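Notes follow the structure.
Everything numeric in this text was worked out from a predicted model, so none of it was measured. Note: hydrogens, waters and symmetry copies are ignored here, and every other heavy atom, side chains too, is used. In what follows, chains are A, B, ... by sequence order, proteins preceding strands, each numbered from 1.
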Amino acid sequence: MGLFDTLLGRTKPVAANLDALFALPSAAVTLQTAGGLVSTGHAGLSWKPPAGQTAEDLEHEIGQLLAVNDAGSPATTTSGSSGDPALGAFTHTTDAFGFHWLLLDDPDVADLVTRVHMANTTLTEAGWGPQLLCSMFGFGPSADAAADTKSFFLVYLYKRGTFYPFAPTGKEHRDNELELRVQALLGKDLPVEPDLSRWFPLWDSPVR
Amino acid sequence: MTRARNVPADRGLSIRIFITGLLLVILYGGFIAVLWAIGLQFAFIIVIAAALLFAQYWFSDKIALWSMHGRLVTPEEAPELHGIVDRLCALADMPKPRVAIADTDMPNAFATGRSPKAAVVCATSGLLRRLDEAEVEAVLAHELSHVAHRDVAVMTIASTLGVAAGLTTRMMLYAGLFGGLGGRGGGRGGNNNSGGQIVLIEMAIMLVSIVVYAISFLLTRALSRYRELAADRSGAILIGRPSVLAAALVKVTGEMSRIPTRDLRKAEAFNAFFFTPALTQGKGGISISALFSTHPTLERRLAQLAELEAQLGHTA
């Protein structure tokens, strides 16, 4: 914030940074080889919807866009297997904090990122970039990994353009050791959020 | 200066803040006058005054928490409140302030702290009990906007300027009059004659400096009201729904006026504040309370939010 903003008491809405998202596929490879974690193929995008009809219209538009993309590219024929076919393989839900989640899935991480990016771009172009909170990518233990790891997520913070790891272990507990290990692992592949106080937990997230 | 930021203007608290503020100014003025009277160096007095204001600024978070009986809570103690603050901070890209809860039945919230990094956001248990999650979020968005706007720093500087203006007026007048008197007097002969004059002059100086204090005080209050509107605006834009903040404001005000009928024991405890609504009923002209208030009227705030709602709906 500049001096004038302070003097005049105003804040500019922070635009979302969408670019760093594309670093995820290479990080997913590192996670699998060094961390024993593979993508579950699920991702969620969280945003604070404006009042009124706008939110539904926009989400409908995103659904159509994704459906067109699925039909057009033969590489992603496996996607669209779940969810309402009219919505093009994405479901949406509202969490306890009033944030909307668009849930997307695609077994291929690169395609998953592309799909999330398409949804992001639609929202940003409609002027709702400042309302984007985070997107969340689900990971689970690979077949040969130790069984003690349960669920693991990489969360992308739009306003920071950074990722952070989130490993919930039951009710309101998180595996900080795993999170810090992943931070060390992915330091080169991903912009990991350096400020630990911004690694906020998403306990009730609908992403698997 | 520590400012309790209530949502919305809660008159009992506003009166308390007003009296506190007035007393503070009088205290500064009186304290410095005494120091000067006992013959301390001018520079030394300035240093002391600056140190006091700086302490108020530096310890604003502790002073406010102490006076509101707020206690800091961990994410385990208040997961929902922390969850809301986490999300709002991620949306606004600001560092997360500490979170506190004050065990009072009055629905209220405030933010304080010298910088966004040292900030504390505090909600009362009454607020958390009465408002639903979306409304609590709206109120916290308003408070976080205060943090982002650095309102504690701005208001401290503003009130410092006010006090400084009053002081300087006084010093200048003293220096001018007594300097002139000393130069003209020369001998001690005219002492009997000018004794009464000196008293008169002193009274005039007092009067002028009091007027300057009062004006700066009113200006500070006006500034505070505008910054409340600014925080309403930024908060509403942050959550994207001005109407939710408006609903929270209405709800809190409604609850405030309902308190006396709802619980007699509560009414007893807050009796001291109930004289204010009767004073502020008058609608004609600018009421005194509107001038002294740190917060704009509910009507003013709701009108701004309604306008914002229309604008946001239009651009979408």
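- Here the straight-line distance linking atom CD1 of B/Ile239 with atom CZ of A/Phe99 works out to 10.0 Å at 0.5 Å rounding.
- For the side-chain hydrogen bond (donor to acceptor under 3.5 Å, both in side chains) test, residues two or more places apart in sequence or in another chain that qualify with A/Ser197 are A/Asp195.
- Within the 4.5 angstrom heavy-atom criterion, only backbone atoms of B/Ala92 (N, CA, C, O) approach chain A.
- For B/Leu238, the part sitting under 4.5 Å from any heavy atom of chain A is the backbone (N, CA, C, O) and nothing else.
- Contacts of A/Leu133 with chain B are made by both backbone and side-chain atoms, with heavy-atom separations under 4.5 Å.
- Both the backbone and the side chain of A/Leu202 come within less than 4.5 Å of a heavy atom in chain B.
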Stepwise side-chain contact (heavy atoms from CB on, under 4.5 Å) test for A/Lys48 and B/Leu88: CA-CA 10 Å; A/Lys48 186 90 194 161; B/Leu88 286 175; over 6 Å; no
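- A/Tyr158 does not touch chain B: none of its heavy atoms, backbone or side chain, sits under 4.5 Å away.
- Proximity to chain A involves both the backbone and the side chain of B/Arg87, based on heavy atoms less than 4.5 angstrom apart.
- Within the model, atoms CG of B/Leu91 and NZ of A/Lys159 stand 4.5 Å from one another, a figure rounded to the nearest 0.5 Å.
- Put simply, the side chain of A/Pro130 does not reach to within 4.5 Å of the side chain of B/Ile237, judged on heavy atoms.
- For B/Ala90 against A/Phe200, the heavy-atom pair with the smallest separation is CB-CE2, 3.4 Å.
- With chain A as partner, the option from B/Pro95, B/Cys89, B/Ala134 having the largest number of non-hydrogen pairs under 4.5 angstrom is B/Pro95.
- By number of non-hydrogen pairs under 4.5 angstrom with chain B, the leading residue of A/Cys134, A/Gly98, A/Ser46, A/Ala96 is A/Ala96.
- Heavy-atom distances place no part of B/Pro242 under 4.5 Å from chain A, backbone and side chain included.
- In this structure, the separation between CE on B/Met94 and CZ on A/Arg198 is 9.0 Å, given to the nearest 0.5 Å.
- Counting heavy atoms of neighbouring residues, nucleotides and ligands inside a 6.0 Å radius, atom CD of B/Glu80 does not exceed 12 of them.
- The local environment of CZ in A/Phe22 is crowded, with over 12 non-hydrogen atoms from other residues, nucleotides or ligands closer than 6.0 Å.
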